[in-house]
Protein chains: 2
Amino acid sequence: MSPPSRRTGRPRSVEADRAILGATRAALVELGWGKLTMGDVAARAGVAKTTLYRRWAGKNELVVDAVAAVFDEHLMSADCGSLRADIENVVVRFAELLELPETKTALMAVVAEATQDEALGARVRSAIVDRQKRLVLIGRERAQLRGELPREEDPGAAARNADLIFDVIAGSVVHRLLVSAEPVDAEWAQGFSTLLLQGLAAAAQPGGTTENGGGGPGGQNPAGSV
Amino acid sequence: MSPPSRRTGRPRSVEADRAILGATRAALVELGWGKLTMGDVAARAGVAKTTLYRRWAGKNELVVDAVAAVFDEHLMSADCGSLRADIENVVVRFAELLELPETKTALMAVVAEATQDEALGARVRSAIVDRQKRLVLIGRERAQLRGELPREEDPGAAARNADLIFDVIAGSVVHRLLVSAEPVDAEWAQGFSTLLLQGLAAAAQPGGTTENGGGGPGGQNPAGSV
DNA sequence: ACCTTACGCTACGAGCCGTAGCGTAACTGG
DNA sequence: CCAGTTACGCTACGGCTCGTAGCGTAAGGT
């Protein structure tokens, strides 16, 4: 199952892989998705254009892998002590990632292409999106252990809820940064986590929620669930 | 200020405008953003390619206007009687719009291009995004009139809050549909509005929130604000 | 040594881009 | 009615990118 076909012959140069992905990333920074060309990437990587096409079907797949590598470098989870602090942390981290010029220009583009190419969409999700989602799931798990969130019995409902929360967090950050084109700073993260934790009505009240940003666990659960 | 330069000479054919935008839309449906070409659009519209370039700087601007026209057709506000019902309505409406093949493939693409072209970004926001945002603002206004949401004194804080809510709503729907590639149906809209109204802890409890979907105003404000 | 696979290089047809140049069409003001 | 002004259709073009084919060579396995 692993490599039944490649046990003989000249092996693929892993160094070329690194060079190509690095060149793709550099080209994204300098040129952006729109003006990035396969020939340019090959030249930067010191590699023949044909070698690119032997490994990737085209620009889309290549860029997905390059962006996924960036995500791998930067994404990690951290226990910040409370659900609120965890949310603000993941929001800011994700925003930092999206502020990088290479991801900024590439992520939306590959998602756009994926709307017309289901295989590409699956690749984007498995290589990029699912890795972010894991961070959200881990934070959720921690909050449940702390007692800040109730444990859910029905596994189906729990999964739907996790998906919902993930779409809300990731979608909000992406929309703020790339559509509204405004910064995701600590202040915005505070407002967002307040909204997410306490809902619309509570979020409209300026006082009382901005001070206890990193406060002790178990303090901010108005419904007192579980 | 309005038309100081075009008072004389042959006027631009408004019919050509309609034909071009319609052809653009049709080409988006059939080919998608990636394979759409200016020459193809011109041929579909029965118009010379040069005419396209006389009116639009390129593919990006053309598609933005075409998508904006689709949004103009479909976006309208409706008072559904309660904040929850208004939220679910705007979510589903927006989702219907994003499910159209022409918007689905084009919206993310132009946003991606806009990350490297500030003028294009401004055009996207004024032609498309701000129109959606108005729907959210109107719904918020209605909720305040009903007493479901508190009136805010500080205009700056109110604006920040409105921006936040809009990014959360629009971003969540976009992410669900185009990144996670899963449907936005009535069930998802219910879960989302519950989360938005009552916050994380309350949304994790399956019972008690799904029944009062169209309930009377003033019922779901646990904090009892203002 | 022999087989197998990867690599670099060159060259190529195809397609699209965006513009220039020209003659013609439509509308306006004297 | 006649200039003046602007828009349109058409053709043609250089330039660029794509994706592939063909060839000789390099680097591993058996």
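Letters go in sequence order (proteins before strands), and every chain restarts at 1. These figures come from a predicted structure and were not determined experimentally.
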Between [X] ([atom1]) and [N] ([atom2]), how many Å, whole number?
{"X": "B:Asn60", "N": "C:dC17", "atom1": "CG", "atom2": "P", "result": "12 Å"}
{"X": "A:Leu31", "N": "D:dC16", "atom1": "CG", "atom2": "C1'", "result": "14 Å"}
{"X": "B:Glu15", "N": "D:dG9", "atom1": "CD", "atom2": "C1'", "result": "15 Å"}
{"X": "B:Leu62", "N": "C:dC16", "atom1": "CG", "atom2": "P", "result": "16 Å"}
{"X": "A:Leu52", "N": "C:dC9", "atom1": "CG", "atom2": "P", "result": "13 Å"}
{"X": "A:Ile20", "N": "C:dA6", "atom1": "CD1", "atom2": "C1'", "result": "12 Å"}
{"X": "B:Lys35", "N": "D:dC18", "atom1": "NZ", "atom2": "P", "result": "15 Å"}

A:Lys104 to A:Trp33, cation-pi by 6.0 Å centre distance and 45° axis angle: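 No cation-pi geometry.
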
B:Arg54 (side chain) and D:dG9 (base): donor-acceptor pair under 3.5 Å: yes

Side chain B:Arg10 and base C:dA25 donor-acceptor under 3.5 Å: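 Yes.
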
Is A:Asp86 salt-bridged to A:Arg93, going by a charged N under 4.0 Å from an acidic O? no

Looking at B:Asp130 and B:Arg134, does any basic side-chain N land under 4.0 Å from a carboxylate oxygen?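 The answer is no: the pair does not qualify as a salt bridge.
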
Can you tell me if A:Glu15 has over 12 outside heavy atoms packed within less than 6.0 Å of its CD? no

Of all pairs that satisfy salt bridge (charged side-chain N to carboxylate O under 4.0 Å, His left out), the ones with a partner from residues 187-199 of chain A, not counting sequence neighbours: A:Glu187-B:Arg160

Between the side chain of B:Thr103 and the main-chain N/O of B:Leu100, is any donor-acceptor distance below 3.5 Å? yes

B:Thr8 side chain: which of C:dG8, D:dT20, D:dG4 is closest? D:dG4

Counting only side-chain heavy atoms from C-beta out, which of C:dA26, D:dG28, D:dA7 sits nearest to B:Arg12? D:dA7

Write down the atom of B:Ile20, the atom of B:Val47, and the distance for their closest heavy-atom approach.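 Closest approach of B:Ile20 to B:Val47, heavy atoms only: CD1-CG1, 4.2 Å.
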
The correct set of residues in residues 38-50 of chain B placing a heavy atom under 4.0 Å from DNA chain D is B:Gly46, B:Val47, B:Ala48, B:Thr50

By nearest heavy atom, map A:Gly9 and B:Pro11 onto DNA chain C; which one lands nearer the 5' end? A:Gly9

